[in-house]
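The analysis underlying the following values was restricted to heavy atoms, covering all of them including side chains, and did not include hydrogens, waters or symmetry mates. Since we're looking at a predicted model, the values are computed, not measured.
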Amino acid sequence: MSMKPDDIRELEGKIARLRNHSDAKQVSSSPCINAGFGMRIAVELLSAVVVGGAMGYVFDELMHTYPFCLIVFLLFGGAAGFLNVYRLAKAYDEAKKNGGE
């Protein structure tokens, strides 16, 4: 009941091809993954804007410069959020190109 080395290599090759094919199919077509990715983008963007706005509000209260710091930090928060979304989309695209996450 011993297998020849060629048979083992052939079986390993088939397993690797099937695994890569199923991973690539799962990343690109699963609605749960796509919905989760969309939710993560929304959370990344919203949290950065909220944190920037909160920091601006606190600095305005401390320095009595209302609404200068609020506006500036909202803009910084928006920029940080877009940067996070860009990085996330770039990593997702790389994972999709490589055939899995």
Side-chain angles (χ1 to χ4, degrees):
M1 214 172 163
S2 67
M3 296 182 79
K4 298 177 185 174
D6 292 334
D7 291 341
I8 293 173
R9 283 189 213 115
E10 183 180 330
L11 181 62
E12 287 175 347
K14 285 181 181 180
I15 291 171
R17 280 187 304 240
L18 287 172
R19 188 172 288 153
N20 287 338
H21 178 70
S22 68
D23 287 346
K25 186 176 178 184
Q26 184 180 24
V27 167
S28 64
S29 65
S30 175
C32 292
I33 290 175
N34 292 335
F37 182 67
M39 184 65 74
R40 184 166 176 197
I41 285 176
V43 168
E44 291 277 346
L45 188 57
L46 186 65
S47 63
V49 172
V50 167
V51 168
M55 287 176 59
Y57 180 78
V58 168
F59 285 140
D60 274 334
E61 289 294 319
L62 291 175
M63 297 187 297
H64 305 290
T65 58
Y66 191 80
F68 178 72
C69 288
L70 179 64
I71 293 170
V72 169
F73 277 87
L74 275 173
L75 292 174
F76 282 153
F82 279 112
L83 183 62
N84 288 341
V85 168
Y86 173 75
R87 288 178 184 164
L88 185 63
K90 191 173 177 182
Y92 180 77
D93 189 42
E94 287 295 320
K96 199 172 176 183
K97 281 182 184 176
N98 293 334
E101 288 190 88

### Query
Would you call Ile15 and Glu12 a side-chain contact if the rule is heavy atoms closer than 4.5 Å?
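Side chain of Ile15 against side chain of Glu12, heavy atoms only: no contact under 4.5 Å found.
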### Query
Is there side-chain contact between Tyr57 and Leu74, with heavy atoms separated by less than 4.5 Å?
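They are not in side-chain contact.
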### Query
Can you tell me if CE on Met39 sees more than 12 non-hydrogen neighbours from other groups inside 6.0 Å?
no
### Query
When you look at CZ of Phe76, are more than 12 heavy atoms from neighbouring residues, nucleotides or ligands closer to it than 6.0 Å?
no
### Task
Mind listing the closest non-hydrogen atom pair of Thr65 and Phe59 along with its distance?
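What the structure gives for the nearest pair is OG1-O, 4.4 Å.
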### Task
Compare every heavy atom of Ala80 with every heavy atom of Ala48, then report the nearest pair and how far apart it is.
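Smallest interatomic distance, heavy atoms only, reads CB-C, 4.3 Å.
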Distance from [X] atom [atom1] to [Y] atom [atom2], nearest 0.5 Å?
X	Y	atom1	atom2	result
Leu83	Leu45	CG	CG	11.5 Å
Ile41	Leu46	CD1	CG	13.5 Å
Arg40	Leu88	CZ	CG	4.5 Å

### Stepwise salt bridge (charged side-chain N to carboxylate O under 4.0 Å, His left out) check, Glu94 with Lys90
CA-CA 6 Å; Glu94 287 295 320; Lys90 191 173 177 182; over 6 Å; no
### Query
Is Met63 linked to Met55 within one hydrophobic cluster, defined over Ile, Leu, Val, Met, Phe, Trp and Tyr using a side-chain heavy-atom separation of less than 4.5 Å?
yes
### Task
State plainly whether one hydrophobic cluster holds both Val72 and Leu70, where clusters connect Ile, Leu, Val, Met, Phe, Trp and Tyr through side-chain heavy atoms under 4.5 angstrom apart.
no
### Task
Take Asn34 and Tyr92 through the test side-chain contact (heavy atoms from CB on, under 4.5 Å) and record every step on the way to the result.
CA-CA 10 Å; Asn34 292 335; Tyr92 180 77; 3.2 Å; yes
